Chemist: 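Take this structure first; my questions come after.
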Amino acid sequence: MIRQAARAITAVLVLLVAGAAPAAPAAPRTVAPAAAAAPVSAADPSARTILHMALDAPRLIDYEGTKIITALRNGRMETVTVAESHKRPNLLRLEYLSPEDVAGRLIIDDGTVARHYEPALNMLFEDRSIQDTGGVADLTLLARNYDTALLGTDEVIGRRAYVISLTPHGTGVQRQLWVDRLTGTVLRSEDRDASRGLVLTTYFSRISFSLNLPQAYFRYRPPAGVRVVSLEDSMAGTDGGRMSPAQLEQAVGFPVLVPPALPEGYTFRGGAVSRFASLTSAYLRYSDGGNIISFFEAPAGSIGWPAMGLPVRVQSQPGRYIDLGYIRVLKWEERALRITAVGTAPSETLMLVAGQLITGREDLTVADV
Amino acid sequence: MSEIAATVAIMAPPEGVRAPAYTAEELARYDGIVQRYARHVYNIAYRMTGNQADARDLSQEAFLRVYRALRRVQPGAPLESWLYRIVSNLYIDLLRRRPRARVESLVTPIETARGEMVREFPDIAANPEAVFEREHIDAEIQQALGVLSPELRMVLVLSDIEGFAYEEIAAILRVPLGTVKSRLHRARQVLQQRLRPYVEAQRRGWRP
Amino acid sequence: MNHHRAGRLLSAYVDGELTAAEARAVQEHLLDCAACRDAHDRLRATRDLLAGLPPAEPPAEFWANLRHPIAQGSVPSGVWMLRGAAARLRAAWRAGAWAPWRWVAVRRPAWALAAVAAMLMLAALPLVKGTVDRLHATEIGVDLYVHDHAMQMGHAPLVDRAYVGLVAGDAELVLAGETPRPVGDNVR
């Protein structure tokens, strides 16, 4: 595996050149996939290597910067600015700066627990870590379902970056990443969906690298009188979301539909039990290596039918389709189960995989790809 | 917007800014000076300060001085001595204004038992990429430069990076020739120790 | 020429800055002294290493700011550290990123100890886990699942965590019975 080989190479003593960036966060020019600034040469590392570099970077370097996110939300592109700090290996601090209705939101994640504070409401949400991926990303699956290509190099905020693209064979999310040559940090990214084009862009308007951000910066003491909402047990005791279908059925107490594979390269990667108040749902995670589609199954009647959304038919069953922008939701009823699919995929793909979910039902453990 | 206005107001000098009214010719002359010297000024400022933001500020301030003093400058006169001396002095001023431990610390060293600064970064590919090596070396050199005192560093930058002769350096910095010689020798010795593996590689003719 | 003196002249010798007589004397010494030959080689290599540095590239807006600076209203030299901060403020404003948190500007650079101290000084009263008015299951709608899906998005490689925090955070507000964020004015 390239990743292991890379790590076996002895560490090179380097100094990280200052990351102080010019303070002009003009919106980056949208780079069409084949038009990066400098062409690929034989001396450049492969796209896979760069991907591994980017995956390794959080363990190796601290940074703090200002990131600008533009995401499709309710039919329009919304721009959000956040001050993001990371201390290796997995301390994360997100302070949202704009727009006004999210300004002040503070999320501090220590790799186990994420604390999300909303100052305007004096509320604190405690949840599992948003970095808790529970293990290595499905890189083999990614290689099977995506083409990884090095498009060239480009300059982002005065730093040289490799531009790589992850393009799905099927219809999924096409992601372009600008990976800093010196540190492997993703300086800029663009997600494109087959049906709508650009759905998410993120870029750092400034970033500073360090190897020693103070620990205190990632600790949080909420103010007095704060209202605490705990969501930690919403997926507790579920072995990191890797339950087998049999385990899942036993845990939720109702039969679940779990086909091992779905069209477009999505395969079942694990299950969990989602609990919120009195609602228990079976959670199924399907992945094509680069994109996740989630399925939630609950007995009909235990959860309401959403008022919003477009009425659709899923395998001749009535359903609701809700387009939230980057994320889309498809909900329908089958065999006394209310099933909800959530993901970033064209509506046709969601319909397609939903249809398959209904028809396929097999007893299998999580397949080793 | 009012917050911005308030902050900017704090920084404006009390007497306000008086913009001399230059003719088009004079402006063209200024542009010519920028064309000729800006890259070098920036290069020196960058090697002295070690970061883009300070280098940019220093350079802009140096040219602001040029702009203000434009009428006192002989057209076509060589400006190296004057300009680079400004850069050097501005840098000393910058250091004086800053607290010892810079808050805007862009790379914070880790102190090991031996008091050295060590950073690790794994090689990302089995074969060292020419392009990566170059950047690593450059970064190491810049760090080593940072270890030198400003006086030593300035002489080294002017001599080995900008290529000035000892006499020119003596004129720019307004120090005796002997001082230039001894400072340069000392600076190179420090650097050679700090960058030993790279110096050895250079000696053996290994090209990155 | 004695060994000690030759050693001190080596740099100048490498640069060709000695008089003809001095240079000849050093050269003769080098023929006999391996240590000085070694030192000479290392000094020359050090110089060559530095000479090989590429010129530093100024950032894109560097040139624009050099054009007729006063005419463009730039602030002359004053307080160095604030200048950079002011530029960032201006740029942030231009990018539409201005926040009602006035003291954000003062807190940058991010790890300014003052800000950290402020947070730690907040009274460490025991957390009161108050009763939360959670939505009844039948009213939940899609936000619970959107939240859970967002939390799982980390399983895909290199998903933006700040975006996950945004989506999950928004969903949490709704789940706690608060008004969801409207689609604001900063859309295009």
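Please read all numbers here as calculations on a predicted model, not as lab measurements. Order of the sequence lines fixes the chain letters, A, B, ..., with proteins taken first and strands second; residue numbering starts at 1 for each chain.
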Chemist: Going by residue number, which parts of residues 24-36 of chain C are within reach of chain B, meaning a heavy-atom gap below 4.5 Å?
Modeler: none
Chemist: Go through the steps to decide whether H185(B) and L43(C) satisfy the test side chain to side chain contact (heavy atoms under 4.5 Å, CB included), and finish with yes or no.
Modeler: CA-CA 8 Å; H185(B) 187 61; L43(C) 282 170; 3.7 Å; yes
Chemist: First locate atom CG of L191(B), then atom CG of L49(C), and finally report the distance between them rounded to the nearest 0.5 Å.
Modeler: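 Rounded to the nearest 0.5 Å, the CG-CG separation comes to 8.0 Å.
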Chemist: With rounding to the nearest 0.5 Å, note down the distance linking CG in D15(C) to CZ in F164(B).
Modeler: 14.0 Å
Chemist: With rounding to the nearest 0.5 angstrom, report the CD to CZ distance, Q52(B) to F62(C).
Modeler: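 Those atoms lie 10.5 Å apart.
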Chemist: Distance check, rounded to the nearest 0.5 Å: L53(C) atom CG versus I161(B) atom CD1?
Modeler: 5.0 Å
Chemist: Counting only heavy atoms not in R29(B) (residues, nucleotides, ligands), do more than 12 fall under 6.0 Å from its CZ?
Modeler: yes
Chemist: Test of understanding: with salt bridge (Lys or Arg N to Asp or Glu O under 4.0 Å), list the residues that count as partners of D48(C), not counting sequence neighbours.
Modeler: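 Checked D48(C) against salt bridge (Lys or Arg N to Asp or Glu O under 4.0 Å); zero matches.
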Chemist: Counting only non-hydrogen atoms closer than 4.5 Å, can you tell me which residues of residues 35-43 of chain B sit against chain C?
Modeler: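 A38(B), R39(B), Y42(B), N43(B) fall under the 4.5 Å cut-off.
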Chemist: Identify which part of A45(B) has an atom lying under 4.5 Å from any heavy atom of chain C, answering side chain, backbone, both or neither.
Modeler: neither
Chemist: Under a 3.5 Å cutoff, is there a donor and acceptor pairing between the side chains of S11(C) and R188(B)?
Modeler: yes
Chemist: Report yes if the side chains of T46(C) and L195(B) come closer than 4.5 Å at any heavy-atom pair, otherwise no.
Modeler: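 Side-chain contact under 4.5 Å: no.
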Chemist: Which region of L156(B), side chain (C-beta onward) or backbone (N, CA, C, O), has a non-hydrogen atom less than 4.5 Å from a non-hydrogen atom of chain C, or is it both or neither?
Modeler: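 It is the side chain, since no backbone atom gets that close.
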Chemist: How far apart are the closest heavy atoms of R42(C) and Q192(B), and which atoms are they?
Modeler: NH1-NE2, 2.9 Å
Chemist: Between R47(B) and A56(C), what is the shortest heavy-atom contact and its length?
Modeler: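 That would be NH2-N, 4.5 Å.
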Chemist: Are there more than 12 heavy atoms of other residues, nucleotides or ligands under 6.0 Å from atom CZ of R37(C)?
Modeler: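 More than 12 heavy atoms, drawn from other residues, nucleotides or ligands, come within 6.0 Å of this atom.
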Chemist: Could you pull out all residues at least two apart from S182(B) that satisfy side chain to side chain donor-acceptor pair (under 3.5 Å)?
Modeler: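 Not a single residue meets the side chain to side chain donor-acceptor pair (under 3.5 Å) criterion with S182(B).
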